Amino acid sequence: MKRERRVLLAVAMAAALLAGCSAKKEKLPEPQELFETIQQEVELPEMVDLAEELLLDSTGISEDSYDSAVYLLLEEGTGPDEIVIIQATNQDAAVDIQEKLEKRLEDKEKAAQVYLTEYMPIIQQGAVRKDGLTISLIVAEKAEEILQVYEKYQ
């Protein structure tokens with residue numbers, strides 16, 4: 001009798017574990033809405049969205065590869081802070097955007113090694129993240145806190 005209970009308990013625990021693992025992920029909101037959520041939860045310096053003006057020139061990402069995007073830089077100063085959130089049009093575009101944002105992060109690190117070495121720790125903790133069709137580049141002093149906002153959607 002005890003053995004049957006243990007087996008039933010083990011089966012019930014396995015079923016509960018599988019149910020938790022198969023829970024559907026909540027889709028990330030649109031880039032602008034996601035950034036607004038980040039701003040509400042993480043104290044950031046003033047940033048300005050320059051997606052229309054600079055995204056293509058800075059990253060090589062063309063408008064036809066995404067549905068919406070934000071490209072945020074510091075409003076004032078020369079800090080390394082840069083937040084890019086893009087919703088790609090399809091999976092192929094998402095992979096291409098991810099590669100371009102990874103290259104952008106590499107380029108920022110190379111430039112900091114030569115010109116702005118004091119920003120190297122901030123750039124080195126930067127991250128490129130892909131969540132389905134949403135791809136992000138996060139370079140900020142509070143990058144870890146920003147990335148925790150993403151975890152709320154997992």
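Since the model is a prediction, treat every value here as computed from it, not as a measurement.
Under a hydrophobic-cluster definition in which Ile, Leu, Val, Met, Phe, Trp and Tyr are linked whenever side-chain heavy atoms come within less than 4.5 Å, directly or via other members, V95 and I85 are assigned to different clusters. Under the 4.5 Å side-chain heavy-atom criterion for Ile, Leu, Val, Met, Phe, Trp and Tyr, L105 and L50 are members of the same hydrophobic cluster. Under the 4.5 Å side-chain heavy-atom criterion for grouping Ile, Leu, Val, Met, Phe, Trp and Tyr, L133 is not connected to L55 through any hydrophobic cluster. Note on L56: it does not cluster hydrophobically with I86, by side-chain heavy-atom contacts below 4.5 Å among ILVMFWY residues.
Counting heavy atoms from C-beta on, the side chains of I138 and Y150 come closer than 4.5 Å. A 4.5 Å side-chain heavy-atom check between Y153 and T37 finds at least one atom pair inside the cut-off.
Residues that satisfy the salt bridge (Lys or Arg N to Asp or Glu O under 4.0 Å) test with K110, not counting sequence neighbours, are absent from this structure. For K108, the salt bridge (Lys or Arg N to Asp or Glu O under 4.0 Å) test picks out E82, with sequence neighbours left out. Every residue two or more places apart in sequence or in another chain was checked for a side chain to side chain donor-acceptor pair (under 3.5 Å) with Y66, and none qualifies. Looking at residues two or more places apart in sequence or on another chain, you find a salt bridge (Lys or Arg N to Asp or Glu O under 4.0 Å) between E151 and R129. For the side chain to side chain donor-acceptor pair (under 3.5 Å) test, no residue two or more places apart in sequence or in another chain qualifies with N90. Here E33 pairs with nothing under the salt bridge (Lys or Arg N to Asp or Glu O under 4.0 Å) rule; sequence neighbours left out.
Using a distance-only test at 3.5 Å, with no hydrogens or angles considered, no donor-acceptor pair links the side chain of Q98 to the main chain of A93. Not one N or O on the side chain of K142 forms a donor-acceptor pair closer than 3.5 Å with the backbone of V42. Side chain of T59 to main chain of I61: a donor-acceptor pair is present (N/O by atom type, distance under 3.5 Å, no hydrogens or angles). A donor-acceptor pair under 3.5 Å is absent between the side-chain atoms of D49 and the main chain of L72, judged by distance alone. Listed for the E102 side chain is no donor-acceptor partner under 3.5 Å among the backbone atoms of V128.
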Open item on the list: The test is side chain to side chain donor-acceptor pair (under 3.5 Å); show your working for Q32 and E36 and say whether it passes.
Closed with: CA-CA 6 Å; Q32 182 62 42; E36 289 169 6; 3.2 Å; yes
Task: F35 vs L44, side chain to side chain contact (heavy atoms under 4.5 Å, CB included): CA-CA, chis, key distance, verdict - done: CA-CA 11 Å; F35 179 68; L44 296 173; 3.9 Å; yes
Task: Verdict with reasoning, M120 to E109, per side chain to side chain contact (heavy atoms under 4.5 Å, CB included) - done: CA-CA 7 Å; M120 187 59 80; E109 188 169 343; 3.7 Å; yes
Open item on the list: Using side chain to side chain contact (heavy atoms under 4.5 Å, CB included), reason through I97 and L101 one step at a time and then give a plain yes or no.
Closed with: CA-CA 6 Å; I97 290 168; L101 290 180; 4.0 Å; yes
TODO: Output, in order, the C-alpha distance, side-chain angles, deciding distance and verdict of side chain to side chain contact (heavy atoms under 4.5 Å, CB included) for K152 and E41.
DONE: CA-CA 11 Å; K152 294 179 180 185; E41 298 192 25; 2.3 Å; yes
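For E141, the CD atom is loosely surrounded, since the number of other residues' heavy atoms within 6.0 Å does not exceed 12. Around CD of Q91, the count of heavy atoms belonging to other residues, nucleotides or ligands within 6.0 Å exceeds 12. The environment of CD in E75 is crowded: more than 12 heavy-atom neighbours from other residues, nucleotides or ligands sit within 6.0 Å. A 6.0 Å sphere centred on CD of E144 holds no more than 12 heavy atoms belonging to other residues, nucleotides or ligands.
For the atom pair Q39 CD and I146 CD1, the distance stands at 10.0 Å (nearest 0.5 Å). We find the CD1-CG distance between I83 and D81 to be 7.0 Å, quoted to the nearest 0.5 Å.
Between S68 and E30, the side chains place a donor N or O and an acceptor N or O closer than 3.5 Å (distance only, hydrogens not considered).
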